[in-house]
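Below: one structure, written as structure tokens.
Chain A is the first sequence line, chain B the second, and so forth, proteins listed ahead of strands; every chain is numbered from 1.
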There are 2 protein chains.
Amino acid sequence: MAIKAIDLRRYEARAKIAKAMAHPSRLLMLDLLQKKSHTVTELTAIVGADQSTVSKHLSILRDVGLVDVRREGAMSYYQLKCACLDGFFSCIETVLMADLACRRDALK
Amino acid sequence: MAIKAIDLRRYEARAKIAKAMAHPSRLLMLDLLQKKSHTVTELTAIVGADQSTVSKHLSILRDVGLVDVRREGAMSYYQLKCACLDGFFSCIETVLMADLACRRDALK
DNA sequence: TGCCAATATGGCGATATGGCCATTAAAGCA
DNA sequence: TGCTTTAATGGCCATATCGCCATATTGGCA
């Protein structure tokens, strides 16, 4: 039985989005932005990293269409562009909890 | 108003899981494993990469608890460990579609 | 035992990522 | 016009990731 190689292109675009989310600081920011929009300064204080670092993280989220910017004077208000993070987080959460339970069992 | 830095540790475990998913080949494999379990040889043929590469990808998915192995003789059957990928994929899909629509608008 | 098929692992080079510093750009205000 | 605040970008280095090759390792079978 000949197994055909599948075209990976379909998954590349999706992986790019997943990759943008796959960083602790960016996950935190996405989580924060679920509640309300924030400025770079606010996010910088909360994340506790360099301002330039946070700005770059935000541009990564922006590039894949996860967040949006609204400029007001000198400040940039970042806001979530999709209301779909619940599914994402709950999936991650499920995996995490299952894994913790598994490790707990292994200690018995 | 003092903004408190948030402990990132909570997000590190989650980012690790997201990171494991953030690769085209691994996304493809997760998608395949949603339907049924597969051997490394099968996945290697479908993904179209080196066997060692696929094996390493699978160990990454295994390390974070996304998949499971069942050894049968000389073959390893990999299977999905969680039934929660729908939420993940539909989130990604939403972002992807919104972004495509956005780009389409930009061309007008 | 000897051989082959199926997996897993070590190593290595190329490329990507992450974080900071320094700098630039733009807005608000005295 | 200067000074300050806010944000974005370039540069640089350390580290991580990816993919292949080569090499174990394990199971099935003659």
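The side chain of B:A49 has D:dC20 as its nearest neighbour among D:dA7, D:dC20, D:dC18. The nucleotide whose nearest atom lies closest to any side-chain atom of A:K56 is, among D:dT9, D:dC20, D:dA8, D:dT9.
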What protein N or O atoms touch nucleotides 26-29 of chain D N or O atoms at under 3.5 angstrom, if any, and at what distances?
none

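In this structure, the OH atom of A:Y77 is 13 Å from the P atom of D:dA8, given to the nearest Å. As a whole-Å value, the separation of A:D50 CG from D:dA14 P is 18 Å. A straight line from CD of A:E42 to C1' of D:dT6 spans 12 Å, rounded to a whole angstrom. Note: CZ (A:R62) to C1' (D:dA7) measures 10 Å, nearest angstrom. Separating the CG atom of B:L43 from the P atom of D:dG19 is a distance of 15 Å, rounded to the nearest angstrom. In this structure, A:L58 places its CG atom 7 Å from P of D:dA8, rounding to the nearest Å. Rounded to whole angstrom, the span from the NZ atom of B:K19 across to the C1' atom of D:dT15 amounts to 10 Å. What separates CD of A:Q51 from P of D:dT5 is a distance of 14 Å, to the nearest Å.
One finds a side-chain N or O of B:H23 lying less than 4.0 angstrom from the OP1 or OP2 phosphate oxygen of D:dG19. Here B:T53 does not reach the OP1 or OP2 of D:dG19: none of its side-chain N or O atoms lies under 4.0 Å away. Side-chain N/O atoms of A:S76 include one lying less than 4.0 angstrom from OP1 or OP2 on D:dA8. At the phosphate of D:dT6, neither OP1 nor OP2 sits under 4.0 Å from any side-chain N or O atom of A:Y78.
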Under 3.5 Å donor-acceptor pairs involving side-chain atoms of residues 89-98 of chain B, not counting sequence neighbours:
| unit_1 | atom_1 | unit_2 | atom_2 | d |
| --- | --- | --- | --- | --- |
| B:S90 | OG | B:D86 | O | 3.2 |
| B:S90 | OG | B:G87 | O | 3.2 |
| B:E93 | OE1 | A:R14 | NE | 3.2 |
| B:E93 | OE2 | A:R14 | NE | 3.3 |
| B:E93 | OE2 | A:R14 | NH2 | 2.5 |
| B:T94 | OG1 | B:S90 | O | 2.7 |

For a quick test of your reading: what N or O donor-acceptor pairs under 3.5 Å do the side chains of residues 17-28 of chain B make, sequence neighbours left out?
| unit_1 | atom_1 | unit_2 | atom_2 | d |
| --- | --- | --- | --- | --- |
| B:H23 | ND1 | B:S25 | N | 3.1 |
| B:R26 | NE | B:A20 | O | 2.6 |
| B:R26 | NH1 | B:H57 | ND1 | 3.0 |
| B:R26 | NH2 | B:K19 | O | 3.4 |

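Considering every non-hydrogen atom in both A:E42 and A:H38, the closest pair reads OE1-ND1, 3.0 Å. Minimum interatomic distance between A:V64 and A:K16 (heavy atoms only, all atoms of both residues): CG1-O, 3.9 Å. Across all their heavy atoms, B:V67 and B:Y78 have their closest contact at CG2-CD2, 3.9 Å.
The environment of NZ in A:K81 is crowded: more than 12 heavy-atom neighbours from other residues, nucleotides or ligands sit within 6.0 Å.
Residue-level contact check: A:S52 touches the bases, meaning some heavy atom is under 4.0 Å from a base atom.
Chain B approaches DNA chain C within less than 4.0 angstrom (heavy atoms of the protein), and the contacting nucleotides run 5' to 3' from C:dA6 to C:dG11.
Put simply, B:V69 and B:M75 are part of two different groups of oily side chains (I, L, V, M, F, W, Y) that touch within less than 4.5 Å, one to the next.
Rounding to the nearest 0.5 angstrom, the gap separating the CG atom in B:L58 from the CG atom in B:D63 is 11.0 Å.
In this structure B:F88 satisfies the ring-ring contact (aromatic ring centres under 6.0 Å, His included) test together with A:F88, sequence neighbours excluded. Residues passing the salt bridge (Lys or Arg N to Asp or Glu O under 4.0 Å) test with B:R70 are B:E72, sequence neighbours excluded.
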